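Structure, as structure tokens:
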Amino acid sequence: MIVSSRFLVRSCNHTRNSSLCRLIRMWHKDFRGLTTVTSRRVFSGIQPTGSLHLGNYFGAVQKWVELQNLGGDTIFSIVDMHSITLPQDPNVLQNNVLKVTASLIACGIDPEKSVIFQQSKVSQHAELCWVLGCLTTMARLAHLPQFKEKSATLKEVPLGLYLYPVLQCADILLYRATEVPVGEDQVQHLQLAQHLAKAFNNRFGYTFPIPRAVVGDTNVCRVKSLRDPSKKMSKSDVDSKSRIDLCDSPEIILDKCQKALTDFQSAITFEPEHRAGVSNLISIHSLFTGQEPCNICKEYSDIDTGKYKLVVANVIQDYLKPIRERTEKLMADPLYLQEILEQGSRKARSMAEETWQDVRKRIGFSSQ
Ligand code: ATP
Ligand code: MG
């Protein structure tokens, strides 16, 4: 794109000064920032609000690893600034930052190939958030489903909970990301990022590529709570039996599967609308083995839900064993994890600063 724009500008220099040439020159000027973004750049984040669970793994981290291994820039953030939108114990938060880092590495994120960093160590996230907040409206933020879900039980809603989708947009746009692998619960937030990238570009000239959400099959990729399958599995759910963490011991996995809410029918059928509990277990089984839900139902047609829960527990235990062992080993070396985050944050800061200086010029904060 850059090459053809330069070529067009050169061609224009040899012809009369028509309005078309003026347009081409303006277009070229606006697209100069693209030198850093013409290739694919992947960004995504995860909150240090607890241990990673199956939803995080299948909704996000598994795709992160696949995209990392395809090559190109991959940037993953431990988004601690997002996590304080709900109260956090400082000591627990600090430990969770390391725990999430260890889990990501254990799942296959390679610090040699990807940038892994802690969001609060890169101050430009907050600065760009303010700029983008001035381009959006309160009505637009109030409609976002995650805000509605998380604020539903609160008497007093913190401003941060309302604003965090804008911070999420800043996270993505700061790195001029082109692809954002997320779970299905984040799709509306990605639409806000697309809207804000367009709004900024229209007003100040081309600065941000329009980021694309990379979301798996929504039928199986929104892993539901084991205790209330009308809700998604979440780190911040107060009921720890609602989720299976990647580091859960085999005994805990078995216990959580056995206590998973199902109905009074004993057959193994996949009917997400009518039998959400057992269908969620089948979806989880399918995510681990790659088998289609209908084939799973055929294979286990002669056992009841009680016995089927043991089958699912077994599949999960086997798959998670190496991830749990790698995480435990990494957690025994906090200095190594801190060093990874330090190196990652240095790289992230330098990328973020480039975008931030460009933004400052475009909005009139600096003359250079
Ligand atoms: P919290 O409850 O604190 O919001 P969370 O479990 O929702 O935590 P996040 O850190 O908010 O996790 O999200 C990290 C990534 O995991 C996001 O891309 C999100 O879309 C994905 N994700 C989270 N929960 C699920 C789920 N149940 N199914 C699929 N993807 C999920
Ligand atoms: Mg979440």
Side-chain angles (χ1 to χ4, degrees), residues 42-67 74-89 92-93 96-97 99-101 103-104 107 109 116 118-119 144-154 158 160-161 164-165 167-169 171-172 177 179-193 211-240 242-246 256 260 272 276 279-281 283-284 286-288:
V42 174
F43 175 91
S44 199
I46 191 153
Q47 301 188 72
T49 39
S51 301
L52 265 63
H53 54 71
L54 300 187
N56 301 137
Y57 183 72
F58 289 112
V61 179
Q62 197 183 46
K63 269 177 275 162
W64 297 7
V65 175
E66 279 167 23
L67 288 166
T74 40
I75 306 159
F76 302 115
S77 183
I78 318 291
V79 287
D80 51 352
M81 287 161 72
H82 286 280
S83 69
I84 60 164
T85 50
L86 291 174
Q88 303 292 330
D89 177 313
V92 175
L93 179 60
N96 279 344
V97 170
K99 211 162 141 189
V100 171
T101 308
S103 290
L104 291 181
C107 290
I109 298 296
I116 312 178
Q118 191 178 342
Q119 181 192 29
L144 292 168
Q146 282 278 299
F147 170 72
K148 285 189 193 159
E149 205 171 290
K150 288 195 171 180
S151 59
T153 56
L154 301 174
L161 197 57
Y164 90 83
L167 179 60
Q168 224 172 1
C169 298
D171 300 339
I172 296 164
E179 285 170 46
V180 187
V182 282
E184 192 247 341
D185 61 307
Q186 295 297 324
V187 168
Q188 277 95 344
H189 293 172
L190 235 292
Q191 286 163 353
L192 180 68
R212 189 175 73 84
V214 183
V215 186
D217 177 356
T218 51
N219 240 345
V220 285
C221 253
R222 179 179 255 212
V223 180
K224 311 278 178 19
S225 155
L226 297 181
R227 303 297 299 157
D228 176 0
S230 67
K231 294 196 308 194
K232 76 171 195 73
M233 193 176 274
S234 269
K235 277 189 250 97
S236 56
D237 193 320
V238 284
D239 184 355
S240 67
S242 67
R243 59 182 167 267
I244 292 181
D245 293 339
L246 302 187
K256 287 179 176 175
S279 301
N280 188 34
L281 290 175
S283 291
I284 291 172
S286 158
L287 285 164
F288 275 108

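As the structure is a prediction and not an experimental result, all values here were calculated from the model. Read the numbers this way: they start at 1 and go in the same order the structure lists the ligands and their atoms.
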Notebook entry, point to check: Any N or O on Pro181 sitting closer than 3.5 Å to an N or O of ligand 1?
Noted result: no

Notebook entry, point to check: Would His53 count as a contact of ligand 1 if the rule is a heavy atom under 4.0 Å away?
Noted result: yes

Check: With atoms numbered from 1 as shown, which atoms in ligand 1 lie under 4.0 angstrom from a non-hydrogen atom of Gln186?
Finding: 19 (C), 20 (O)

Next item on the list: Could you tell me whether the side chain of Leu287 reaches within less than 4.5 Å of the side chain of Tyr57, counting heavy atoms only?
Entry: no

Note to self: Suppose I only count heavy atoms of Met233 and a 4.0 Å limit; which atoms of ligand 1 are within that range?
What the structure shows: 24 (N), 25 (C), 26 (C), 27 (N)

Next item on the list: Consider every N or O of Gly183 and every N or O of ligand 1, then say whether any pair is closer than 3.5 Å.
Entry: yes

Margin query: How long is the straight-line distance from CD1 of Ile46 back to CG of Leu52, given to the nearest 0.5 Å?
Written below: 4.0 Å

Check: Does Gln47 reach ligand 1 with a nitrogen or oxygen that is under 3.5 Å from one of the ligand's nitrogen or oxygen atoms?
Finding: yes

Note to self: Could you check whether any heavy atom of Lys150 sits closer than 4.0 Å to an atom of ligand 1, since that is the contact criterion I want to use?
What the structure shows: yes

Next item on the list: Sort out for me which residue in Lys235, Met233, Gln62 forms a side-chain contact (heavy atoms from CB on, under 4.5 Å) with Asn56.
Entry: Lys235

Checklist line | N/O separation below 3.5 Å, Lys232 to ligand 1 | finding: yes

Item checked: Atom indices of ligand 1 within 4.0 angstrom of Thr49 heavy atoms, with elements -> 1 (P), 3 (O), 8 (O)

Check: Quick one: which ligand 1 atoms are inside 4.0 Å of a heavy atom on Ala60?
Finding: 15 (C), 16 (O), 18 (O)

Check: What are the two closest heavy atoms between Ile78 and Ile116, and how far apart are they?
Finding: CD1-CG2, 4.3 Å

Next item on the list: Indicate yes or no: does an N/O atom of Lys235 lie under 3.5 Å from an N/O atom of ligand 1?
Entry: yes

Notebook entry, point to check: Counting each atom of ligand 1 from 1 as listed, which ones have a heavy atom of Gly59 under 4.0 Å away?
Noted result: 29 (C), 30 (N)

Check: In Å, rounded to the nearest 0.5 Å, how long is the span from CG of Leu167 to CD1 of Ile172?
Finding: 10.0 Å

Notebook entry, point to check: For the atom pair CE (Met81) and CD (Gln168), what is the distance rounded to the nearest 0.5 Å?
Noted result: 12.5 Å

Notebook entry, point to check: Could Arg227 and Asp237 be called an ion pair, given the rule that one side-chain N must be under 4.0 Å from one carboxylate O?
Noted result: no

Checklist line | Short N or O distance, Ser236 and ligand 1, threshold 3.5 Å exclusive | finding: yes

Margin query: Pair Leu246, Ser51 - check side chain to side chain contact (heavy atoms under 4.5 Å, CB included), show working.
Written below: CA-CA 7 Å; Leu246 302 187; Ser51 301; over 6 Å; no

Note to self: With a 4.5 Å cut-off on side-chain heavy atoms, are Leu86 and Leu154 touching?
What the structure shows: yes

Next item on the list: Fit a plane to each ring of Phe76 and Trp64, take the angle between them on a 0 to 90° scale, and name the class: parallel (under 30°), tilted (30 to 60°) or perpendicular (over 60°).
Entry: parallel

Notebook entry, point to check: Heavy atom under 4.0 Å from ligand 1: found in Ile46's side chain, backbone, both, or neither?
Noted result: both

Notebook entry, point to check: Against heavy atoms of Asn56, which atoms of ligand 1 measure under 4.0 Å?
Noted result: 5 (P), 6 (O), 12 (O), 13 (O), 14 (C), 16 (O), 22 (N), 23 (C), 24 (N)

